[in-house]
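Data block below; observations after.
Below, read A as the first sequence line, B as the second, and so on, with proteins coming before strands; counting in each chain starts at 1. Fair warning: this is a prediction, and the values are worked out from it, not measured in the lab.
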2 protein chains.
Amino acid sequence: MKEESYKQLLEQKGLKKTKVRITLLQHFMSIEHAQSYNDLQAALVNEVDKSTLYRSLASFEQAGIIHSINDHSGLTKYAFGQPPSQGNEHAHFVCEQCKMVYCMGKLAPLQLNVPKGFKTNKVQAILKGVCSDC
Amino acid sequence: MKEESYKQLLEQKGLKKTKVRITLLQHFMSIEHAQSYNDLQAALVNEVDKSTLYRSLASFEQAGIIHSINDHSGLTKYAFGQPPSQGNEHAHFVCEQCKMVYCMGKLAPLQLNVPKGFKTNKVQAILKGVCSDC
DNA sequence: AAATAAATGCAACTCTGTGGCATTTAAAAA
DNA sequence: TTTTTAAATGCCACAGAGTTGCATTTATTT
């Protein structure tokens with residue numbers, strides 16, 4: 001995908017087309033698994049300030065370009081694409097060997113019974129196992 | 001439950017019956033939802049050192065007395081009882097209003113299809129919604 | 001090209017959690 | 001019961017993730 005596409009997406013979302021954001025977006029779209037803060041710093045060759053990176057991630061997430069994932073490792077990870085939501089549920093797969101986090105395809109609505117008085121709005125599932133690369 | 005019971009449980013698990021552990025265990029067994037580090041500090045009236053508390057939690061978890069939960073809030077929470085495991089799966093319910101975390105009953109095994117090459121070993125589910133108190 | 005509003009970089013800070021080490025305490029041995 | 005010993009505690013300093021205030025720079029608008 002050429003640079004014009006990234007710029008188009010940013011414009012469409014009402015985000016300024018800055019150097020950091022273009023590089024970051026390019027990276028997100030070129031990789032298939034979720035990224036930690038450190039992955040991203042490395043990918044951007046440590047040329048970006050920490051707070052700038054976190055702020056960029058926040059704006060991307062708010063714009064629905066990426067979504068964040070908590071994979072039980074203590075580290076938040078970020079992946080390209082809309083977050084799982086009503087009608088668009090997806091689970092995350094954490095590889096127990098390489099620790100990579102992948103977004104899985106659409107998820108069949110889960111049947112879960114909760115005690116009376118509890119009302120479930122959404123279900124977030126984390127699958128743990130071994131990925132196709134390991 | 002009287003103090004003897006707490007002591008019995010600690011002994012059974014091969015843990016020394018110290019003041020901190022007895023108080024902590026007593027607290028865990030008297031409350032129905034998962035506790036954050038701060039909840040616990042407050043419950044112990046801030047009389048326990050931070051590292052001692054974390055170490056006590058670690059030993060309780062290792063002994064299978066409690067289990068830790070990551071509820072997407074960034075904070076680890078701890079709840080009484082064995083962790084969800086093969087044949088003993090349970091989900092956690094996070095109330096979107098009061099932020100309380102509850103352990104739900106046994107969970108029907110989830111049917112989730114993953115791409116070929118991926119092997120799922122376990123599924124962890126977080127339910128989000130509104131609890132019976134809210 | 002000038003004005004404006006937002007993004008960046010820097011520094012200081014908060015908060016969760018960990019690790020070393022001297023001291024205390026529970027359990028075991030005498 | 002007293003002594004021994006091994007583990008638990010408290011204190012301190014530290015590490016890492018993430019946030020915030022503020023001055024400066026940069027993208028966009030006029």
Side-chain angles (χ1 to χ4, degrees), chain A residues 3-4 6-27 34-63 65-78 99 101, chain B residues 3-4 6-27 34-63 65-78 99 101:
Chain A
E3 194 168 316
E4 273 315 305
Y6 306 118
K7 293 193 179 172
Q8 264 182 22
L9 178 53
L10 290 172
E11 185 156 9
Q12 180 192 321
K13 297 291 185 177
L15 295 175
K16 276 194 184 180
K17 300 156 215 151
T18 67
K19 192 163 164 281
V20 170
R21 288 182 177 166
I22 292 169
T23 317
L24 187 59
L25 183 52
Q26 207 160 347
H27 177 68
Q35 302 281 289
S36 68
Y37 165 79
N38 283 314
D39 296 337
L40 295 168
Q41 269 301 1
L44 303 185
V45 206
N46 297 293
E47 274 171 354
V48 169
D49 182 70
K50 187 167 46 153
S51 47
T52 301
L53 180 44
Y54 277 114
R55 283 189 277 229
S56 299
L57 291 170
S59 60
F60 278 16
E61 186 166 19
Q62 209 173 343
I65 297 176
I66 62 170
H67 64 283
S68 60
I69 304 156
N70 188 320
D71 67 349
H72 274 223
S73 77
L75 286 191
T76 302
K77 299 199 173 152
Y78 304 87
K99 309 298 175 197
V101 176
Chain B
E3 195 167 317
E4 273 313 305
Y6 307 118
K7 293 193 179 173
Q8 264 184 21
L9 179 53
L10 290 172
E11 186 156 7
Q12 180 190 319
K13 298 290 185 177
L15 296 174
K16 276 193 185 179
K17 300 156 215 151
T18 67
K19 194 163 164 281
V20 170
R21 287 182 178 165
I22 292 169
T23 317
L24 187 58
L25 183 52
Q26 205 159 348
H27 177 67
Q35 302 281 291
S36 68
Y37 165 78
N38 282 314
D39 296 336
L40 296 168
Q41 268 301 2
L44 302 185
V45 206
N46 298 292
E47 274 171 355
V48 169
D49 182 69
K50 187 166 47 152
S51 44
T52 300
L53 180 44
Y54 277 115
R55 284 188 277 229
S56 299
L57 291 170
S59 61
F60 278 16
E61 185 165 20
Q62 209 171 344
I65 297 176
I66 63 170
H67 63 282
S68 61
I69 305 156
N70 188 321
D71 68 348
H72 226 239
S73 77
L75 287 192
T76 301
K77 299 201 172 150
Y78 304 87
K99 310 297 176 198
V101 177

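- A:E11 pairs by the salt bridge (Lys or Arg N to Asp or Glu O under 4.0 Å) definition with A:K17, not counting sequence neighbours.
- Listed by chain and number, the residues in a side-chain hydrogen bond (donor to acceptor under 3.5 Å, both in side chains) with B:K99 amount to none (sequence neighbours excluded).
- Straight-line distance from the CG atom of B:L40 to the P atom of C:dG17: 11 Å, rounded to whole Å.
- Residue B:R21 contributes atom CZ, which lies 19 Å from atom P of C:dT24 at whole-angstrom precision.
- C:dC15 atom P lies 14 Å from atom CD of B:Q41, rounded to whole Å.
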Is there any protein nitrogen or oxygen under 3.5 Å from a nitrogen or oxygen in nucleotides 23-30 of chain D, and what are the pairs?
| residue | atom | partner | partner atom | Å |
| --- | --- | --- | --- | --- |
| D:dT28 | OP1 | A:K17 | N | 3.1 |

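- Shortest non-hydrogen contact noted between A:A63 and A:K13 is O-NZ, 3.3 Å.
- Considering only side-chain N and O atoms, A:N38 lies under 4.0 angstrom from the phosphate OP1 or OP2 of D:dA17.
- A:K77 places no side-chain N or O within donor-acceptor distance of the main-chain N or O of A:A34, the cut-off being under 3.5 Å.
- Two residues are said to be in side-chain contact when any heavy atoms from C-beta on lie closer than 4.5 Å; B:V48 and B:T23 fail this criterion.
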**Study point:** Steps toward side chain to side chain contact (heavy atoms under 4.5 Å, CB included) verdict (A:E47, A:L44)
**Key:** CA-CA 6 Å; A:E47 274 171 354; A:L44 303 185; 5.7 Å; no
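- Using a 4.0 Å heavy-atom distance criterion, B:T76 is classed as a sugar-phosphate-only contact.
- Atom CD1 of B:I22 is separated from atom C1' of D:dA8 by 13 Å (rounded to the nearest Å).
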Kindly give the atom pairs (protein nitrogen or oxygen, nucleotide nitrogen or oxygen) under 3.5 Å for nucleotides 10-13 of chain D.
| residue | atom | partner | partner atom | Å |
| --- | --- | --- | --- | --- |
| D:dG10 | OP2 | B:D49 | N | 3.4 |
| D:dG10 | OP2 | B:T52 | OG1 | 3.3 |
| D:dG10 | N7 | B:R55 | NH2 | 3.3 |
| D:dG10 | O6 | B:R55 | NH2 | 2.8 |
| D:dC11 | N4 | B:S51 | OG | 2.8 |

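- Axis angle across the helix from C:dA1-D:dT30 to C:dA30-D:dT1, with five pairs used at each end and values rounded to 10°: 30°.
- Annotation: side-chain hydrogen bond (donor to acceptor under 3.5 Å, both in side chains) contacts of A:S36 (sequence neighbours excluded): A:D39.
- Within the structure, every side-chain polar atom (N or O) of A:S56 is placed at least 4.0 Å from both OP1 and OP2 of C:dA7.
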Open item on the list: Let's go through B:L53 and B:L24 carefully: what are the C-alpha distance in whole Å and the side-chain angles of both, what is the deciding distance for side chain to side chain contact (heavy atoms under 4.5 Å, CB included) to 0.1 Å, and is it a yes or a no?
Closed with: CA-CA 9 Å; B:L53 180 44; B:L24 187 58; 4.0 Å; yes
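- Dashed line: the shortest gap from a side-chain N or O of A:Y54 to OP1 or OP2 of D:dT19 is not under 4.0 Å.
- In terms of heavy-atom proximity, A:S59 sits nearest to A:S56 at OG-O, 2.9 Å.
- Here the closest non-hydrogen pair linking B:R21 and B:F60 is O-CZ, 3.6 Å.
- Taking 4.5 Å as the limit, every side-chain heavy atom of A:L57 sits out of range of all side-chain heavy atoms of A:T76.
- For D:dA17, neither phosphate oxygen OP1 nor OP2 lies less than 4.0 angstrom from any side-chain nitrogen or oxygen of A:Y37.
- Rounded to whole Å, the distance from CG on B:D39 to C1' on C:dC15 is 15 Å.
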